[in-house]
J.: 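Take a look at the following structure, please.
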Amino acid sequence: MTGPARTRIAPSPTGDPHVGTAYVALFNYALARKTGGQFILRIEDTDRVRSNTASERMIFEALSWLGLDWDEGPDVGGPHGPYRQSERQEIYREHVELLIERGAAYPCFCTRERLDALREEQRRTKAAHLGYDGHCRSIPPEEAVRRRAAGEPHVIRLAMPREGESVVHDLLRGEIRIANAQVDDQVLLKSDGHPTYHLANVVDDHLMGITHVIRAEEWISSLPKHARLYEAFGWEQPVFCHLPLLRNADRSKISKRKNPVSLNWYRRAGYLPEALLNYLALMGWAMPDERDEFSVGELIEVFDLEKISLGGPVFDLEKLTWLNGRYLRNLGTGDYLSRLREGVLSDAYVAEVIPLVRDRVDRLGDFMEYAAFFFTNGADYDEAARKRLVLKDRTPPQSAKILRKLLEDTLDPLMEWTAKSVEAALRAHCEKAGLSPKELFMPVRVAVTGRAATPPLFETMAVLGKEICRTRLRSAIETLRGMK
RNA sequence: GACCCCAUCGUCUAGCCAGGUCCAGGACACCGGCCUUUCACGCCGGCAACACGGGUUCAAAUCCCGUUGGGGUCGCCA
């Protein structure tokens, strides 16, 4: 019934490629393929301090690994480029001026201090709705022009109507009505000249001819802002479709504290891309014949966006693992071998392990035994290892806390994962946390390998990779918590 | 707190839009059995849900309202 749909996945390259990105990408991909349209990859790197190219590269790799190939994107180009928002600054600037002319946006000169104080005050007095108070909206236009010309730092805000309500339509939920008074004057253009999501997303979706905006549920509350922008520009709205959020077992939105969320981890741990995709599709989609196992191709054949269910699905690693096992068992020995050799048993990987192991092993037959922890997913800690997980003069809970800080403050944000960068990060962390390398490094070694005698720590961590290190650190932390 | 979204087995879901065929079907997990030198796979069987209260109707898991519960948003992050 629908014509060719142009859909997009628009990830922000600010961290490890996320399983939620794959989930949303899958349904965007399915609709585009089902309707004979296009699926576009757009990089939303307008947060200049957090965006990084390592993260962008990992997004490309992860989506390619999954086989969600895009028709237009930063790497392959296309008729509506550039597909990297940081390269579209001029476009946003022009559009924002248009909005100012039309009275739909205005410059705001409020300082961060004033904004912080305002927020603080609103929180303290438990104001009914939080948000910008419209202070700069009353500045006379001539004065605003003069101050901008004088180079006074400012942002551009959306002039949201204060009365009435916005009625927006969601494909799955129908009409959504939100009082305009609930919506504050969002920043559209930051003081560094880069747009925020709200502006960039509306402008790009329009310019790129996106027909269906399929994204996560967390965007529903900013729908009025987006609707207002389409209206102010005089553009027709795309179809909006908000997918439910993937959840942790406790039903909160999926997070790395409670679930593996990096696509790199699934790849490294030996999940097959077709199994992951199949499982992700099960989160909201059911085949007409209710079968659990199907390919993306089979999904596309019968796909219907409107049949997605809305309850926030709990991501169940156990069921994914079962599904993955089914896929694995269906592989012939030859295919199985190639999968192994694309992954943990690739020549490249084994070649990285050899230099770390060769001095420590005298017979090839002893290689696997010594190097076993390079080839397994988890780590288990025997009695001796458990003891060495504890830092000198600390209790197990204290040690758990220290390792957790290391993981969350230092290792998680580390995008470049090499022996050098890991060493630098670890040493810097010691400095910051007031710990000596000597007291911290042994527990870390045991946490990531399960053993006290290993090749040099940084090289070992580099070869193991971030994903394995982080999951083992997490299980070490859990182990320590259980020791009390 | 305000606003918005959601609500079928512990979990993923079918059924709901077009009310009766649903004392609710499938899958994961769990339990039992079969197969088997072991384990696993596989097969068979079992346990287990329409959140609650009103209303509409001859009839409600399905429609309406309320309550409760869960989630999201309230950033010069996306």
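Residue numbers begin at 1 in each chain, while the letters A, B, ... track the order of the sequences.
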J.: Does the ring center of A/F27 lie less than 6.0 Å from the ring center of A/W285?
T.: no
J.: How many whole angstroms separate atom CG of A/D304 from atom P of B/U13?
T.: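 Rounded to the whole Å, the gap is 16 Å.
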J.: Work out how far the C1' atom of B/C58 is from that of B/G53, and round it to whole angstrom.
T.: 23 Å
J.: Of the options A/R50, A/M415, A/E44, A/E56, which is the one that meets A/T14 in a side-chain contact (heavy atoms from CB on, under 4.5 Å)?
T.: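 Of all the options given, the one that passes is A/R50.
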J.: When you compare B/C43 with B/A48, how far apart are their P atoms, in angstrom units rounded to a whole number?
T.: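 To the nearest whole Å, 23 Å.
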J.: Take the angle between the ring planes of A/Y271 and A/W265 and call it parallel below 30°, perpendicular above 60°, tilted in between.
T.: tilted
J.: Could you check whether any side-chain heavy atom of A/Y266 comes within less than 4.5 Å of a side-chain heavy atom of A/Y279, counting everything from C-beta outward?
T.: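 Result no, sub-4.5 Å side-chain heavy-atom pair not found.
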J.: Among B/A27, B/C6, B/C28, which nucleotide sits nearest the side chain of A/D292?
T.: B/A27
J.: Is there any protein nitrogen or oxygen under 3.5 Å from a nitrogen or oxygen in nucleotides 16-18 of chain B, and what are the pairs?
T.:
none

J.: Generate the contact string for nucleotides 68-78 of chain B. Rules: B means base contact, S means sugar-phosphate contact only, - means no protein heavy atom under 4.0 Å.
T.: --SSSSBSBBB
J.: When the C1' atoms of B/C12 and B/U57 are considered, how many whole Å apart are they?
T.: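 34 Å, rounded to whole Å.
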J.: Give me the distance, rounded to whole Å, that separates B/C65 from B/G25 when you measure between the C1' atoms they each carry.
T.: 30 Å
J.: Does a donor on one side chain and an acceptor on the other come within less than 3.5 Å for A/H242 and A/R173?
T.: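 Not at all, the side chains of A/H242 and A/R173 share no donor-acceptor pair under 3.5 Å.
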J.: Heavy atoms only, 4.0 Å cut-off, all strands: where does A/G284 land among base, sugar-phosphate and nothing?
T.: sugar-phosphate
J.: For the rings on A/W70 and A/Y29, is their centre-to-centre separation under 6.0 Å?
T.: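 Here the rings of A/Y29 and A/W70 have centres that are no less than 6.0 Å from each other.
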J.: Evaluate the ring planes of A/H95 and A/F233, with Trp represented by its six-membered ring, and classify them as parallel (under 30°), tilted (30 to 60°) or perpendicular (over 60°).
T.: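 The arrangement is perpendicular - the two ring planes meet at more than 60°.
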J.: How far, in whole Å, is B/A18 from B/A2 if one measures between their C1' atoms?
T.: 38 Å
J.: Is the ring pair A/F375/A/F367 parallel, tilted or perpendicular, if the boundaries are 30 and 60 degrees?
T.: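 Ring orientation of A/F375 relative to A/F367: tilted.
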J.: Quantified in whole Å, what is the P atom distance between nucleotide B/C16 and nucleotide B/C22?
T.: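 These two P atoms come out 13 Å apart once rounded.
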J.: Is A/R326 touching bases, backbone alone, or none of the nucleic acid, heavy atoms closer than 4.0 Å?
T.: sugar-phosphate
J.: Considering only the C1' atoms, how many Å lie between B/C5 and B/G42, rounded to the nearest integer?
T.: 43 Å
J.: Would you kindly give the CD-to-C1' distance between A/Q182 and B/G1, to the nearest whole Å?
T.: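 The answer, rounded to whole Å, is 11 Å.
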J.: A/E290 has an atom CD; how far is it from atom P of B/C28, in whole Å?
T.: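 Roughly 13 Å, once rounded to whole Å.
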J.: Any donor-acceptor pair under 3.5 Å linking the side-chain atoms of A/S252 with those of A/N248?
T.: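 The criterion, which ignores hydrogens and geometry beyond distance, is satisfied for A/S252 and A/N248.
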J.: Could you let me know what B/U56 is paired to, Watson-Crick or G-U wobble, both distances under 3.5 Å, or none if it's on its own?
T.: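 Looking at the geometry, B/U56 pairs with no nucleotide.
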J.: In whole angstrom, what separates A/D289's CG from B/U13's P?
T.: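 About 17 Å, once rounded to whole Å.
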J.: Rounded to whole Å, please give me the gap between CG in A/L323 and P in B/U13.
T.: 14 Å
J.: Looking at B/C30, which nucleotide sits across from it as a Watson-Crick or G-U wobble partner, both distances under 3.5 angstrom, or is there none?
T.: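 Checking every strand shown, B/C30 finds its partner in B/G46, with both distances under 3.5 Å.
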J.: Can you check the distance between B/C64 and B/C17, where both ends of the measurement are the C1' atom (answer in whole Å)?
T.: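 Pairwise C1' distance, B/C64 against B/C17, rounds to 15 Å.
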J.: Rounded to whole angstroms, how far apart are CG on A/N278 and P on B/U13?
T.: 14 Å
J.: Base of B/A29, side chain of A/K319 - is there a donor-acceptor contact under 3.5 Å?
T.: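 It does not, because no donor-acceptor pair links the side chain of A/K319 to the base of B/A29 below 3.5 Å.
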J.: Let's test this: given Watson-Crick or G-U wobble pairing with both distances under 3.5 Å, identify the partner of B/G69.
T.: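 Per the H-bond distance test, B/C6.
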J.: Which one is paired to B/G1, where only Watson-Crick or G-U wobble pairs with both distances under 3.5 angstrom count?
T.: B/C74
J.: Using a 4.5 Å cut-off on heavy atoms from C-beta on, say whether the side chain of A/P74 contacts that of A/R84.
T.: yes
J.: Rounding to an integer number of Å, can you tell me how far A/W322 CH2 sits from B/A27 P?
T.: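 Taking atom P of B/A27 as the reference, CH2 of A/W322 is at 9 Å.
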J.: Between A/R147 and A/H154, do the side chains contain a donor N or O and an acceptor N or O under 3.5 Å apart?
T.: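 Note: A/H154 and A/R147 side chains miss the donor-acceptor criterion.
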J.: Heavy atoms only, 4.0 Å cut-off, all strands: where does A/E318 land among base, sugar-phosphate and nothing?
T.: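 A/E318: backbone/sugar contact only, no base atoms under 4.0 Å.
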J.: For the pair made of CG in A/L172 and C1' in B/A7, what is the distance, rounded to whole Å?
T.: 16 Å
